[in-house]
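What follows is one structure encoded as structure tokens, with my remarks underneath.
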Amino acid sequence: MSQKILVIDDHEVMRDLLQEELQESGYDVVTAESCFDGLNILKEQEFKLVILDIRMPGMDGIEALEKIINANRGLPVIIHSAFSHYKENYLTWSAADYIVKSGDLQPLKDSIAQHIR
């Protein structure tokens, strides 16, 4: 199976940036603009890893994280949020990693490489 990553983020610019950067790094990237879309994609396709934003309209990333983990045990989920204070929420502790969004994507890329093995 290819190293397929699902990016769930409601900001189109961030989805496009991550898709471009991660494809350049050799990953197969699928994007979703909402948690609902992301959960439906996860039912239809297999992934090695999920990158998940937290603050999104409709269902937030914390609720989606719980659903992803319950449905796909062992699938690493990296939370990629602009807000560090969600680290305090115990539900986020079940994520493989928590990366605060910044202009530098290297910490995210390093975490992906570590968890996608």
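These numbers come from the heavy atoms of this one structure, side chains and all, not from hydrogens, waters or symmetry mates.
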One pair to check against side chain to side chain contact (heavy atoms under 4.5 Å, CB included): V29 and V7. What are the steps and the verdict?
CA-CA 7 Å; V29 181; V7 174; 3.9 Å; yes
On a heavy-atom basis, the closest approach of K48 and P76 is O-CD, 3.2 Å
Within the structure provided, determine whether I116 and I5 are in side-chain contact (heavy-atom separation under 4.5 Å).
yes
Could you walk me through whether L39 and M59 pass side chain to side chain contact (heavy atoms under 4.5 Å, CB included), step by step?
CA-CA 11 Å; L39 291 170; M59 182 190 309; 3.7 Å; yes
Work out which heavy atom in S94 is nearest to a heavy atom in L65; give both atom names and the distance.
OG-CD2, 3.8 Å
Taking side chain as C-beta onward, heavy atoms only, is L18 less than 4.5 Å from L105?
yes
Distance check, rounded to the nearest 0.5 Å: H80 atom NE2 versus I51 atom CD1?
7.0 Å
Going by distance alone, is a donor N or O of one side chain under 3.5 Å from an acceptor N or O of the other, for D110 and Q106?
yes
Nearest heavy-atom contact between G38 and L6 is O-CD2, 3.7 Å
OG1 of T31 to CD of Q19: how many Å apart, nearest 0.5 Å?
5.0 Å
With the side chain counted from C-beta on, respond yes when R15 and E33 share a heavy-atom pair under 4.5 Å apart, and no when they do not.
yes
Nearest heavy-atom contact between A32 and I41 is CB-CD1, 3.9 Å
Does any non-hydrogen side-chain atom of I8 lie less than 4.5 Å from one of D53?
no
For the backbone of E63 and the side chain of D60, can you confirm whether one donor and one acceptor N or O come within less than 3.5 Å of each other?
yes
A side-chain contact here means heavy atoms from C-beta on lying under 4.5 Å apart; do I54 and I79 qualify?
yes
Do Y98 and V50 share a hydrophobic cluster (ILVMFWY, side-chain heavy atoms under 4.5 Å, transitive)?
yes
Nearest 0.5 Å please: distance from the CG atom of L108 over to the OG atom of S102.
9.0 Å
Test log, rule side chain to side chain contact (heavy atoms under 4.5 Å, CB included), inputs I62 and E66:
CA-CA 6 Å; I62 292 173; E66 192 173 9; over 6 Å; no
pair C35-I68: side-chain heavy atoms closer than 4.5 Å
no
Group every Ile, Leu, Val, Met, Phe, Trp and Tyr by side-chain heavy-atom contacts under 4.5 Å, then state whether V100 and I112 land in the same group.
no
Shortest non-hydrogen contact from K4 to Q45?
NZ-OE1, 2.7 Å
Find out if a path of hydrophobic residues (ILVMFWY) with successive side-chain heavy-atom gaps under 4.5 Å connects I69 to I78.
no
Mind checking the OH-CD spacing from Y27 to E21? Nearest 0.5 Å is all I need.
12.5 Å
4.5 Å side-chain heavy-atom contact, R55 and S81:
no
More than 12 non-hydrogen atoms from neighbouring residues, nucleotides or ligands closer than 6.0 Å to NE2 on H11, yes or no?
no
Taken to the nearest 0.5 Å, the spacing of L42 CG from D37 CG works out to 11.0 Å
Indicate yes or no: at least one non-hydrogen side-chain atom of L22 is less than 4.5 angstrom from one of K109.
yes
Give the intermediate values and the outcome of side chain to side chain contact (heavy atoms under 4.5 Å, CB included) for residues E12 and D9.
CA-CA 7 Å; E12 184 177 8; D9 196 306; over 6 Å; no
